[in-house]
Amino acid sequence: MTALSPYSIPPLFSSICFILLGIFVFLKNNKSKINISFLFLCFVTFWWQFSWFVLFNFNTASYSTDIVNFIVKIGYSGIVLIPVIFFHFFVFLLKSNKRVDKFLLYFSYLITIAFEAAIWFTDFFVKGFYIYHWGFYPKAGFFHIVYLFFLATLASRVFYFSLLYLRDKKTIGSYGYYQIKYVLLALLFYVLSASDFIVNYGYGFYPVGFIFILAFLIIFAYAIVRYRLMDIRLVVRKSTIFTALVVFLACIYSSLAFLFSRLFENAFGTQSRLVISLIVSIFVVVGFQPLKLFVQNVTKRFLFKEEYDPQSVVAELADVLASSLELKHLFSSVNSIIDKTLHPISAATSLLDKKKGGYILAYKSGFSPEVAKKLNFDAKDPLVAYFKVDKNVIVLQELRRKVETGYLAETDKIKKLISTLEATASEVFLPLISKENIIGITFLGAKKSGDVYTAEDIRLLEIGASQAAVAIENSLMYEAAKNFNVTLTKEVEKATRELRLANTRLKKLDETKSEFISIASHQLRTPLTVIKGYISMMLEGSFGQLTDQAVESLHKVYESNQRLINLVEDLLNISRIESGRIQYNMADYGLDDLAASVVDELANNAKNKKLYLKLDKPDKPLPKVKMDTDKLRQVLMNMVDNAIKYTTKGGIRVSVYQEGRNLVLKVIDTGMGIDPVDLPNLFQKFSRGQGMSKVHTEGVGLGLYVAKQMLEAHGGKIWAESKGKDLGSAFCITIPIKKS
């Protein structure tokens with residue numbers, strides 16, 4: 001081997017690209033037969049190109065015939081595998097169960113074995129090599145013509161079957177149609193790379209097949225990017241441009257190297273390669289920026305036709321959601337944004353109706369009356385059940401693909417789910433989730449353009465759905481508050497004098513509560529949620545790279561904003577508790593398990609203050625109790641977090657044990673303690689102990705009051721104990737071991 005030959009760079013580059021793409025696709029789903037067969041296809045292509053790289057680097061002046069023959073045979077051992085591996089890949093991709101394809105596949109493997117034997121034990125396939133100015137190249141034997149006929153036969157079968165497959169667009173869906181369309185186009189370029197075989201018959205032009213197989217690689221990668229081929233989701237706009245630029249430069253580099261080698265080889269003798277490399281390098285450096293701009297324009301024009309700015313869309317959506325509490329106005333405005341951005345044929349949203357126990361169609365556009373009836377769902381419907389487990393957006397074609405490839409087991413539940421989704425004439429299904437509750441489902445039909453929903457579209461819809469869920473819930477609360485006032489007024493008019501007096505007080509309380517809910521929902525909750533979303537996007541780098549100082553400041557703003565959100569939540573909880581509208585979802589759960597979860601979550605807070613936080617686990621498992629896990633978790637978080645806040649040295653110990661027919665949980669700290677005078681008032685609204693505001697300025701005295709109300713709703717109680725100032729304190733709760 002000599003110094004790296006410029007002629008060997010293109011096959012080296014293409015071989016590396018193929019093996020990296022094959023490994024990447026395989027790692028994304030190593031159980032899929034399609035992904036595995038594609039890995040083998042990339043491997044044999046790597047084998048082919050890398051063997052050319054080795055041959056082109058041999059010094060023609062001092063070579064060993066045996067070594068070159070050996071390298072030639074090794075290279076062709078991989079090349080003869082390409083047709084059958086390619087055919088096998090398409091059998092999996094097109095899900096062909098036809099006998100003719102199975103027979104042809106088995107027969108092809110037998111022929112391939114015969115080719116391998118001919119390569120290693122005879123000279124019928126390759127009989128030596130040619131010596132060209134750019135390196136060694138295999139010389140074709142008689143069997144080589146048979147191999148080309150074999151290659152043409154399998155390629156023709158793939159083209160024929162693929163074209164038949166594309167004719168039935170309704171069955172395969174828009175995703176499948178475009179996936180096969182682009183894979184077929186990529187195959188065409190791969191077949192064109194067979195032009196290299198002409199060189200095997202003595203025609204001494206430099207083999208440029210690497211250009212066609214790199215085109216195959218780019219088109220195939222585009223099908224992955226744009227149409228999620230083989231269940232791979234990516235957003236690679238920049239990497240696509242970069243790859244195209246590198247390929248373009250490699251082609252130009254090779255062409256210039258070939259041209260200059262013909263011009264300067266005689267003039268500079270042994271130094272010709274150094275001179276050629278220097279001249280080509282100058283051309284590449286000078287032309288890099290213009291080429292980069294050219295490739296960017298081409299990729300933007302042909303690869304990403306319907307562009308939009310996700311940040312602008314999110315900002316516009318946030319403004320719309322914060323501007324109104326009227327449900328009809330929200331739906332029409334959001335649908336207008338989706339329509340001008342994604343152009344769906346149809347859109348609809350069904351909202352949870354707790355009285356009817358299901359999801360009722362609240363808005364529709366573009367759906368026929370017959371289909372609209374199918375957009376009402378029972379709470380036990382397969383779609384609702386699926387969203388309770390997996391809260392991600394569903395793309396129907398992608399779900400089908402996962403089942404077909406074996407990535408998702410085809411159970412009865414999945415079959416019912418797919419049947420339900422198909423009946424809605426929709427392509428995309430978005431759950432509207434607020435506080436882990438599915439308050440609605442949005443349905444989007446296919447795009448008017450016939451294009452598919454890209455990974456960028458899905459990401460935009462996920463962000464929009466999370467914002468819309470909060471706004472819709474606020475709107476529903478606003479409507480409920482207005483309806484409640486009307487009902488209350490009618491009841492007051494019908495009541496007796498004594499009830500009228502009582503209802504007058506209730507009415508004032510209700511008016512205050514309604515005013516608070518309206519202000520909290522419209523003026524506080526929605527803007528705070530929008531602020532939180534924007535800060536998160538800034539910290540994630542969505543608006544550009546930030547300095548360390550800016551990141552630190554944004555973290556402080558984020559924490560302050562979160563405290564405001566928590567304050568609003570506490571006030572809303574109080575409003576719900578006192579109006580009797582709070583709901584408890586009771587289920588059997590272990591108090592010791594809940595305590596362990598809270599301790600784990602707050603361990604870092606204690607560690608940051610150099611405090612210990614320990615959990616005394618019971619000797620034997622404690623009986624489970626009926627509880628609302630989320631609400632009791634909120635109580636325990638408040639107790640342990642308060643202990644950390646008001647403790648400066650030592651630590652906190654949490655213990656859970658059974659005492660008679662009750663479970664007891666204690667949070668004991670070594671903190672500032674509680675004055676005996678303050679103990680009776682701790683669990684009242686807006687009440688805080690003396691001196692506590694100096695240690696922790698952010699509390700308002702609501703947490704313990706909310707905790708007391710929630711514990712009493714579970715049939716339990718909460719109290720505090722302390723021997724005095726600087727002697728620590730203990731907060732205790734009990735929950736009865738019985739059905740609530």
Set out, in order, the CA-CA distance, both residues' side-chain angles and the distance that settles side chain to side chain contact (heavy atoms under 4.5 Å, CB included) for Leu461 and Leu444, then state yes or no. CA-CA 10 Å; Leu461 291 172; Leu444 294 179; 3.8 Å; yes
Please report the closest heavy-atom contact between [X] and [Y], naming both atoms and the distance.
X	Y	result
Pro431	Ala465	O-CB, 4.0 Å
Tyr584	Met710	OH-CA, 3.7 Å
Pro344	Ile338	CD-O, 3.7 Å
Leu594	Met627	CD2-SD, 4.0 Å
Ser346	Ala425	OG-O, 4.5 Å
Lys631	Gln583	NZ-O, 2.9 Å

Side chain to side chain contact (heavy atoms under 4.5 Å, CB included) between Leu187 and Phe216, worked out: CA-CA 7 Å; Leu187 172 62; Phe216 161 84; 5.5 Å; no
Are [X] and [Y] side-chain neighbours, meaning at least one heavy-atom pair lies under 4.5 Å?
X	Y	value
Ile438	Tyr359	yes
Leu528	Asn561	yes
His714	Asp628	yes
Val371	Lys364	no
Asn30	Leu39	no
Leu154	Leu104	yes
Leu361	Ser350	yes
Asn474	Val470	yes

Is the distance between the ring centroids of Phe443 and Phe377 under 6.0 Å? yes
How about Phe220 and Phe189: are their ring centroids closer than 6.0 Å? no
Any donor and acceptor pair, going by atom type alone, linking the side chain of [X] with main-chain N or O of [Y] inside 3.5 Å?
X	Y	value
Thr420	Lys416	yes
Asn437	Ile439	no
Ser536	Lys532	yes

Inter-residue atom distance [X].[atom1] - [Y].[atom2], 0.5 Å rounding:
X	Y	atom1	atom2	value
Asp630	Asn585	CG	CG	8.0 Å
Phe103	Ser108	CZ	OG	9.0 Å
Lys447	Ile345	NZ	CD1	11.5 Å
Lys355	Ile360	NZ	CD1	13.0 Å

Near [X] [atom1], under 6.0 Å, is it more than 12 heavy atoms from other residues, nucleotides or ligands?
X	atom1	answer
Lys391	NZ	yes
Phe543	CZ	yes
Tyr534	OH	yes

Evaluate Lys181 against Leu185 for side chain to side chain contact (heavy atoms under 4.5 Å, CB included), listing each step before the verdict. CA-CA 6 Å; Lys181 178 181 176 181; Leu185 178 61; over 6 Å; no
Start with the C-alpha gap between Val384 and Ile441, add the side-chain angles, then the distance that decides, and say whether side chain to side chain contact (heavy atoms under 4.5 Å, CB included) holds. CA-CA 9 Å; Val384 180; Ile441 302 172; 4.3 Å; yes
Under the rule for side-chain contact (heavy atoms from CB on, under 4.5 Å), what residues qualify as partners of Leu421, not counting sequence neighbours? Leu383, Ile394, Leu396, Leu399, Leu417, Phe429
Testing Phe87, Phe86, Phe92 one by one against Phe90 for a ring pair (Phe, Tyr, Trp, His ring centres under 6.0 Å), which residue passes? Phe86
